> 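Questions regarding the structure given below will be posed in turn.
All figures in this text were calculated on a predicted structure; none of them were measured in a lab. Below, all heavy atoms of this structure are taken into account, side chains as well, without hydrogens, waters or symmetry copies.
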Amino acid sequence: QASGVQVADEVCRIFYDMKVRKCSTPEEIKKRKKAVIFCLSPDKKCIIVEEGKEILVGDVGVTVTDPFKHFVQMLPEKDCRYALYDASFETKESKKEELMFFLCSKDAIKKKFQGIKHECQANGPEDLNRACIAEKLGGSLVVAFEGSPV
């Protein structure tokens with residue numbers, strides 16, 4: 001399905017920015033992306049950033065109370081999307097932040113996202129629940145996801 005599809009430079013730049021977390025000032029941290037959704041271009045030849053489909057770190061606790069729930073609601077029910085989500089979770093030992101990649105068809109874009117630890121193929125809303133995500137992030141070691149108990 002995705003063979004021959006290109007990945008827009010902006011998509012790669014966003015991935016790099018989310019992956020390295022080089023932000024230092026509180027203002028820069030607020031502008032960092034918590035989640036971003038990508039889609040196919042109208043001509044179906046390129047994976048692009050879906051306009052208006054992102055959550056910034058600065059939105060969390062201000063306009064977005066539950067970032068994961070908000071993220072799931074941004075995804076269309078019947079159409080293919082790709083997404084990066086900067087997951088915050090706790091294990092019995094520590095608090096962690098790791099980048100997750102959500103997809104429904106991955107060939108072209110996955111090659112561009114080297115170093116993703118967690119991948120979640122979601123074929124519908126039922127695949128996007130906290131227990132499922134916690135399982136991907138570390139199974140029974142994960143005790144909380146985005147500040148809520150699992």
> Applying side chain to side chain donor-acceptor pair (under 3.5 Å) as the test, list every pair that has at least one member in residues 51-60; sequence neighbours left out.
Lys33-Glu54
> About how many Å separate SG of Cys39 and CG of Leu75, when rounded to the nearest 0.5 Å?
11.5 Å
> Nearest 0.5 Å please: distance from the CD1 atom of Ile37 over to the CE atom of Met74.
3.5 Å
> Hey, are the side chains of Leu40 and Ile48 touching, using non-hydrogen atoms and a 4.5 Å cut-off?
no
> Taking only residues at least two apart or on different chains, which pairs with a member in residues 61-75 satisfy side chain to side chain donor-acceptor pair (under 3.5 Å)?
Asp66-Arg130
> Could you tell me if the side chain of Phe89 sits less than 4.5 Å from the side chain of Thr91, heavy atoms only?
yes
> I would like to know whether Val36 and Glu50 meet side chain to side chain contact (heavy atoms under 4.5 Å, CB included); could you show each step before the answer?
CA-CA 8 Å; Val36 63; Glu50 187 167 7; over 6 Å; no
> May I ask you to decide whether Asp17 forms a salt bridge with Arg13, counting only side-chain N to carboxylate O separations under 4.0 Å?
yes
> Between Lys31 and Glu28, does any NZ, NE, NH1 or NH2 come within less than 4.0 Å of an OD or OE carboxylate oxygen?
no
> Would you compute the distance between atom NZ of Lys19 and atom OH of Tyr16 and round it to the nearest 0.5 angstrom?
8.5 Å
> Could you grab the distance from atom NZ of Lys30 to atom OG1 of Thr25, nearest 0.5 Å is fine?
9.5 Å
> Tabulate below the donor-acceptor pairs under 3.5 Å that side-chain atoms of residues 96-103 make, not counting sequence neighbours, or state none.
unit_1, atom_1, unit_2, atom_2, d
Glu97, OE1, Arg21, NE, 3.3
Glu97, OE1, Arg32, NH2, 3.2
Glu98, OE1, His118, NE2, 2.3
Glu98, OE2, Lys117, NZ, 3.3

> Which residues pass the side chain to side chain donor-acceptor pair (under 3.5 Å) test with Asp43, not counting sequence neighbours?
Ser41
> Say whether Leu84 and Leu56 are linked into one hydrophobic cluster, either directly or through other cluster members, by side-chain heavy-atom distances under 4.5 angstrom.
no
> Of all the heavy-atom pairs spanning Ala8 and Cys46, show the shortest one and how long it is.
N-SG, 3.5 Å
> Please examine the side chains of Val7 and Phe38, heavy atoms only from C-beta on, and report whether any two atoms are closer than 4.5 Å.
no
> Using distance only, find each side-chain donor-acceptor pair of residues 135-150 under 3.5 Å and give its atom names and separation, not counting sequence neighbours.
unit_1, atom_1, unit_2, atom_2, d
Glu146, OE1, Lys34, NZ, 3.0
Glu146, OE2, Lys34, NZ, 2.8
Glu146, OE2, Tyr85, OH, 3.1
Glu146, OE2, Ser88, N, 3.0

